[in-house]
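Note that the structure is a prediction, hence the values are computed from the model and not measured.
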Amino acid sequence: QVQLVESGGGLVQPGGSLRLSCAASTMIFSIYTMGWYRQAPGKERELVATISSGGSTDYADSVKGRFTISRDNTKNTLYLQMNSLKPEDTAVYYCNARNRGLSTNSWGQGTQVTVSS
């Protein structure tokens with residue numbers, strides 16, 4: 001229901017940083033709870049971080065203190081700043097938008113993040 005396009009992935013050395021972006025095609029971006037998820041080969045998709053319409057955030061224990069999720073409602077864009085990257089952060093990262101009232105749960109196509117020396 002909401003088109004999402006991720007960008008910013010790539011190859012980075014351990015300890016490095018990347019910033020992921022997710023552009024949403026909706027005129028009511030501000031009402032959605034947004035999130036970043038990731039999936040490594042052979043593993044289930046896991047939640048990385050979420051940010052509510054009110055700006056409250058939640059993080060997986062594995063990324064807390066290293067990653068920061070944010071949103072710019074004027075640009076209809078979600079961000080994930082990733083610092084102190086580790087090899088175990090290697091995965092495809094997906095953007096998600098959901099709203100209970102609208103019964104919306106949309107996913108982007110994903111962007112590859114590889115952390116390797």
Side-chain angles (χ1 to χ4, degrees):
Q1 295 181 7
V2 179
Q3 292 186 344
L4 304 170
V5 181
E6 302 97 334
S7 62
L11 175 65
V12 64
Q13 294 184 342
S17 298
L18 285 174
R19 189 181 76 158
L20 306 183
S21 299
C22 171
S25 61
T26 175
M27 296 294 98
I28 51 174
F29 177 78
S30 63
I31 74 171
Y32 289 93
T33 295
M34 303 296 298
W36 288 100
Y37 296 73
R38 67 187 183 187
Q39 187 168 25
K43 298 183 179 180
E44 292 187 350
R45 186 176 299 184
E46 65 174 346
L47 186 149
V48 176
T50 62
I51 183 166
S52 73
S53 60
S56 62
T57 58
D58 288 308
Y59 296 91
D61 289 341
S62 60
V63 307
K64 190 175 182 179
R66 300 188 297 121
F67 291 9
T68 302
I69 188 171
S70 62
R71 65 195 297 164
D72 186 340
N73 290 338
T74 68
K75 298 182 182 296
N76 294 346
T77 302
L78 176 74
Y79 302 98
L80 183 68
Q81 179 66 47
M82 305 185 294
N83 299 325
S84 302
L85 283 161
K86 305 175 180 179
E88 50 263 46
D89 295 318
T90 296
V92 177
Y93 284 70
Y94 297 92
C95 178
N96 172 261
R98 69 177 189 271
N99 183 282
R100 290 183 179 180
L102 298 177
S103 297
T104 297
N105 192 10
S106 301
W107 296 91
Q109 291 299 114
T111 184
Q112 176 71 48
V113 172
T114 302
V115 184
S116 177
S117 59

*Look only at the side chain of Asn73 and the backbone of Phe29, and say whether a donor-acceptor pair between them is shorter than 3.5 Å.*
no
*Should Val48 and Tyr59 count as side-chain neighbours, where that means a heavy-atom distance under 4.5 Å?*
no
*Do side-chain atoms of Thr68 reach the backbone of Gln81 as a donor and acceptor pair under 3.5 angstrom?*
no
_I want to check something: taking the side chain as every heavy atom from C-beta on, are Asn96 and Asn105 in contact at a cut-off of under 4.5 Å?_
yes
*So which residues get pulled into Tyr79's cluster when ILVMFWY side chains under 4.5 Å apart are joined, directly or through others?*
none
*Interatomic spacing from CE in Met27 to CG in Asn76 - rounded to 0.5 Å*: 5.5 Å
*Interatomic spacing from CD1 in Ile69 to CG in Leu80 - rounded to 0.5 Å*: 6.5 Å
*How would you list all residue pairs meeting disulfide (SG to SG under 2.5 Å) that involve residues 56-92, not counting sequence neighbours?*
none
*Check Tyr93 against Glu6 and note the closest heavy-atom contact, atom names and distance.*
O-OE2, 4.0 Å
*What heavy-atom pair brings Thr90 and Val115 nearest, and what distance separates the two atoms?*
OG1-N, 2.9 Å
_Would the distance check show the side chain of Thr33 and the main-chain N or O of Ser52 forming a donor-acceptor pair, the cut-off being under 3.5 Å?_
no
*Nearest 0.5 Å, what's the CE-OG distance between Met34 and Ser53?*
11.5 Å
*Under 6.0 Å from the CD atom of Gln109, do we count more than 12 heavy atoms belonging to anything else shown?*
no
Do any side-chain atoms of residues 11-21 form donor-acceptor pairs under 3.5 angstrom with protein atoms, and if so which ones, sequence neighbours left out?
residue	atom	partner	partner atom	Å
Ser17	OG	Asn83	OD1	2.9

*Atom CZ in Arg71, atom CD1 in Ile51: separation rounded to 0.5 Å?*
6.0 Å
*Enter the distance from Arg98:CZ to Ile31:CD1 here, rounded to the nearest 0.5 Å.*
13.0 Å
*Tell me, which pairs form a disulfide (SG to SG under 2.5 Å) where one or both residues lie in residues 7-105, sequence neighbours left out?*
Cys22-Cys95
*Derivation and outcome, side chain to side chain contact (heavy atoms under 4.5 Å, CB included), residues Val63 and Trp36*: CA-CA 12 Å; Val63 307; Trp36 288 100; over 6 Å; no
*Is Leu47 isolated, or which residues cluster with it under the ILVMFWY side-chain rule of less than 4.5 Å, directly or via members?*
Tyr37, Val92, Tyr94, Trp107
*Looking at Leu4 and Ala24, what are the two nearest heavy atoms and their distance?*
CD2-CB, 3.6 Å
*Pairwise salt bridge (charged side-chain N to carboxylate O under 4.0 Å, His left out) hits with a residue in residues 31-53, at least two apart*: Arg38-Glu46, Arg38-Asp89
*Same cluster or not: are Val2 and Val5 linked, directly or through other Ile, Leu, Val, Met, Phe, Trp or Tyr residues, by side-chain heavy atoms under 4.5 angstrom apart?*
no
_Note, Leu78 side chain near Tyr32 side chain (heavy atom, < 4.5 Å)_ = no
*Just do the side chain to side chain donor-acceptor pair (under 3.5 Å) check on Thr104 and Gln1 with the steps written out, would you?*
CA-CA 7 Å; Thr104 297; Gln1 295 181 7; 2.5 Å; yes
